[in-house]
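One structure below.
So you know, we letter chains A, B, ... as the sequences are listed, proteins then strands, and number each from 1. Keep in mind the model is a prediction, meaning the values are calculated, not measured.
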Amino acid sequence: MPASTVPQPHSDHLDPLLFGHDPTPGIVSVHADHLGQAWVWRREGERVTLEHDTFRPWLFARDLRDVEHLGTRLVWNDDVAPFSVRSLRGEEGTLRYLLTASDAQALRREVLRGASKRKGQTIGSLRDISGYYSVGPVEGYLMATGRTYFKSLEMQDTVRLQFDLETTGLNPETSRMFMIAIKDNRGFERILEARKASQEGEMIEALMQIIRERDPDIVENHNISSFDLPFLIGRAERLGVGQRGVGLNFSRPGAPAGLWRVQDGGSSPHWACAGREIVDTIDAVRRMNLPSAGLKAVSQLFGIAPEGRVYLEGVKIAETYASQPALVRKYALQDVEEVEALARRVLAPSFALARMAPRPYHRLPYAGTAMGMFEPMMVRAYLRAGMALPGKQPPSESQQGGSVTLFAEGVLERVVKADVASMYPSLIRHERLAPRSDALGVFLHLMDHLTGLRLDHKAAARRGDLGEHEAMQSAMKLVINSAYGYMGAGRMSVFGDVDAANTVTRRGRETLNEVTGALALRGVTLIEADTDGVYFSVPDGWTEADERRVIAEVDALLPTGVTLEFDGRWRAMLSHETKNYALLGYGGELNLKGAAFTSSRGEPYGRGFLEEALKSLLGGEIARIPELYRATVERLQAGGYTNAEVASRAKVNKAQDAYLQSRSTRQEAVYEALIRSGRTWKSGDRFILYQRSGAGLSVLDDPEGCDYDAPFYVQQLRNGYASRLKKGLSAEGYAQVFAQRQPGLFDRPLSEVRAVWQSVSSEPR
DNA sequence: TCAATCCGGGG
DNA sequence: GTGTACGGATTGA
């Protein structure tokens with residue numbers, strides 16, 4: 001293990017509001033319970049030690065009426081009594097009492113008992129009443145102590161283990177595991193196999209044994225929370241593997257054993273155990289809004305797919321294993337190798353955030369940045385300062401958003417994009433816009449220090465030593481960018497202030513108006529402005545230097561701390577409607593934005609046509625489009641496409657009986673097609689569907705055949721694809737380009753059809 | 001137009 | 001029960 005080369009700020013210099021006030025280094029996991037016991041695992045080199053700690057569970061309250069019934073059992077300013085209270089600095093109406101207890105569950109029960117009596121109905125959760133703020137035990141411990149994970153540790157200092165299941169299917173009720181690939185970042189690699197079904201239980205035991213021996217701090221995989229763990233647990237239950245009453249024990253010794261589900265409500269499940277952090281690379285990847293969040297796709301995108309990567313289709317893996325086991329072993333091992341590399345890259349920001357936010361690492365990849373990180377840091381500061389949390393927010397007007405204005409539609413050339421760098425954070429910092437309720441000024445303190453530190457890390461990353469610095473700066477960016485959303489979250493957030501958030505957006509709109517106004521005065525044609533950026537077209541003959549000069553001129557007019565930046569240039573743009581456009585780069589690359597151009601289930605034939613047609617339209621070769629269109633129509637009619645090329649994919653998430661139940665109230669085309677095709681299905685099945693001649697929407701049985709409904713697809717080509725070019729042509733030009741017949745003698749020559757644009761008079765929305 | 005709901009991804 | 005609300009696209013009132 002290479003020694004840490006990243007100069008981290010010395011512990012003494014860590015800002016306490018940002019990193020918590022306790023500099024304890026090396027924490028890799030924390031478990032805590034409602035009785036105020038905490039288990040803290042700390043790593044020093046290759047050694048991990050477990051420390052027991054205690055803390056006093058706490059709860060902010062607006063008043064004491066719900067605990068009045070405790071009488072003398074509630075003691076003032078005492079830290080050992082079963083129930084106690086201390087008052088915090090703050091006015092009436094704020095959460096100015098800190099209730100503490102030796103047993104958090106007992107305290108909660110008593111509060112709920114009092115509240116139920118007061119309200120005359122059973123209150124089952126503190127969430128159902130106002131006037132309280134509480135968190136879970138681990139968060140409570142971290143906030144109270146000022147500790148955070150990973151201080152003075154880098155990701156590679158921790159022991160990270162990856163495991164990946166290979167199974168005969170997706171459902172543990174009907175499928176089984178036949179292979180588990182395991183590796184860690186200390187050089188361990190292992191393939192476990194269960195050729196026979198009878199060996200599956202032993203294979204699970206072997207996995208658990210390896211986890212105990214390799215003793216990782218962190219367990220990683222791609223989609224581990226929705227696939228590998230539920231599947232593993234499902235199989236262990238069926239096979240009777242695992243400890244009685246505990247199930248599979250992922251926890252480290254010396255603390256409660258087990259593996260449990262966290263966060264049941266609605267969203268996808270996540271998992272925790274004591275002493276190790278279970279993290280899912282898919283959570284981090286989803287946050288990046290890539291076209292696909294799949295492991296293989298993302299690995300290729302990031303260039304981390306190993307040399308000679310084996311690709312196997314999911315459904316074929318089990319059958320391939322029967323004939324070529326070595327190939328599947330290689331495949332499975334490459335999976336965990338890829339996950340390890342991916343985790344290093346995409347989980348680094350969460351790892352860095354764990355040093356700041358009073359939350360366990362495993363929560364951060366899927367926690368919202370505002371409620372999940374910003375708020376806990378603010379509450380920690382108030383708890384530390386003995387300050388009351390704000391009470392109910394005053395009613396305020398509804399929240400206003402950024403402005404989106406379409407100035408021009410159609411085809412424009414020489415397109416430039418300029419944007420205001422980090423507009424909302426800049427306005428917040430330079431105009432000191434903060435929640436009124438933040439008496440301690442923590443909000444702006446965090447914004448200032450995060451921004452300052454981020455610039456340091458960015459500079460360090462640019463100097464060449466990437467890795468940690470890049471992770472740090474992008475982690476900080478996440479938190480900085482969540483600040484505005486946090487203020488605007490209204491009643492949801494303790495420090496929410498819709499009026500302050502509205503001031504930010506209003507100043508944003510004013511800034512954008514200043515930018516568009518100043519640009520227009522400099523002779524450019526505005527196309528679209530959206531929140532913090534603007535597309536415009538520059539006059540013929542302008543060079544890139546001219547483009548940058550005009551942006552610099554406008555930038556100079558803006559207030560200090562607010563910067564307009566050059567963000568890109570393109571040969572031409574088809575502006576379709578707000579947030580829907582196509583860009584053609586100077587290198588010929590096409591970039592599509594918005595649902596109008598990137599409809600998720602676009603059929604291959606139509607997608608191909610649209611891309612070619614757009615390239616011709618934007619590249620000044622309109623005369624090629626009629627040819628392309630007619631050729632596509634003729635090919636459709638002549639059966640020149642296969643069924644597969646006109647088909648689209650569909651996934652069903654309702655089980656068959658579930659659909660049959662809801663069918664009378666709501667029919668859904670895909671399920672109706674399955675019923676018509678005489679198919680049975682279960683939840684999660686995927687089908688490829690197409691319009692079959694004379695049969696309507698049908699399941700694709702014969703991909704190479706061509707019994708598709710040609711008139712339907714010709715119609716769709718016209719209405720669903722060709723129509724996307726409408727704004728770029730005159731009505732006459734459009735009719736001519738997409739004529740159903742060959743041009744006649746008296747038609748105007750196609751070479752005279754020009755791309756057009758027109759300005760749009762629309763009110764800013 | 002807006003808010004409920006669906007969905008990803010895994011073999 | 002080791003927190004609450006993941007976020008973008010789609011759908012339907």
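Residue A:Ser292 is classed as a sugar-phosphate contact, given heavy-atom separations below 4.0 Å to backbone atoms only. A:Ala272 comes within 4.0 angstrom of no nucleic acid atom, judged by non-hydrogen atoms across all strands. When heavy atoms are screened at a 4.0 angstrom cut-off, A:Leu312 is found touching no nucleic acid atom at all. Across all strands, A:Glu139 comes closer than 4.0 Å only to sugar-phosphate atoms, never to a base (heavy-atom distances). Among the atoms of the strands shown, only primed sugar atoms or phosphate atoms (P, OP1, OP2) are found under 4.0 Å from some heavy atom of A:Asn289. The residue A:Ser175 sits apart from the nucleic acid: no heavy atom pair falls under 4.0 Å. Among the heavy atoms of the strands lying under 4.0 Å from A:Leu165 are primed sugar atoms or P, OP1, OP2 only; no base atom is included. Across all strands, A:Gly294 comes closer than 4.0 Å only to sugar-phosphate atoms, never to a base (heavy-atom distances). In this structure, A:Asp280 reaches neither bases nor backbone, as no heavy-atom distance under 4.0 Å exists between it and the strands shown.
Rounded to whole Å, the distance from CD1 on A:Ile180 to P on B:dG11 is 13 Å. Atom CG of A:Asn481 and atom P of C:dG7 are 13 Å apart (whole Å). The distance between atom NE2 of A:His270 and atom P of B:dG10, rounded to the nearest whole Å, is 15 Å. Taking atom CE of residue A:Met288 and atom C1' of nucleotide B:dG8, one finds them 16 Å apart after rounding to whole Å. Atom CD of A:Glu200 is separated from atom P of B:dG11 by 16 Å (rounded to the nearest Å). One atom, NE2 of A:His34, and another, P of C:dG1, lie 11 Å apart when rounded to the nearest Å. Taking atom CD1 of A:Ile233 as the reference point, atom P of B:dG10 lies 19 Å away to the nearest angstrom. Regarding A:Leu112, its CG atom lies at a distance of 13 Å from the C1' atom of C:dG1, rounded to whole Å.
When only modelled atom types and interatomic distance are considered, A:Tyr331 and A:Glu166 share no side-chain donor-acceptor pair under 3.5 Å.
The side chain of A:Asn223 lies closest to B:dG10, out of B:dG10, C:dG7, B:dG11.
Within 6.0 Å of NZ on A:Lys477 lie no more than 12 heavy atoms contributed by other residues, nucleotides or ligands.
Here the separation of B:dG8 from C:dG1, taken at their C1' atoms, is 26 Å to the nearest Å.
Taking the six-membered ring wherever Trp is involved, the centroid distance between the rings of A:Tyr382 and A:Tyr133 does not fall below 6.0 Å.
Residue A:Asn171 has no polar side-chain atom (N or O) positioned under 4.0 Å from OP1 or OP2 of B:dG11.
The two residues A:Glu375 and A:Phe495 have their closest heavy-atom pair at OE1-N, 4.3 Å.
Taking the six-membered ring where the residue is Trp, A:Trp58 and A:Phe60 present perpendicular rings, their angle passing 60° and hence far from 30°.
A cation-pi arrangement is not found for A:Arg190 relative to A:Phe163, the charged atom failing to lie both closer than 6.0 Å to the ring centre and inside a 45° cone about the ring normal.
When the salt bridge (charged side-chain N to carboxylate O under 4.0 Å, His left out) test is applied to A:Asp103, no partner is found at least two apart in sequence or on another chain. Considering only residues two or more places apart in sequence or on other chains, A:Tyr132 meets the ring-ring contact (aromatic ring centres under 6.0 Å, His included) condition with none of them.
Between the side chain of A:Arg286 and the base of C:dG7, no donor-acceptor pair of N or O atoms lies under 3.5 Å.
The stretch residues 98-110 of chain A has no heavy atom under 4.0 Å from DNA chain B, so no residue of it qualifies as close.
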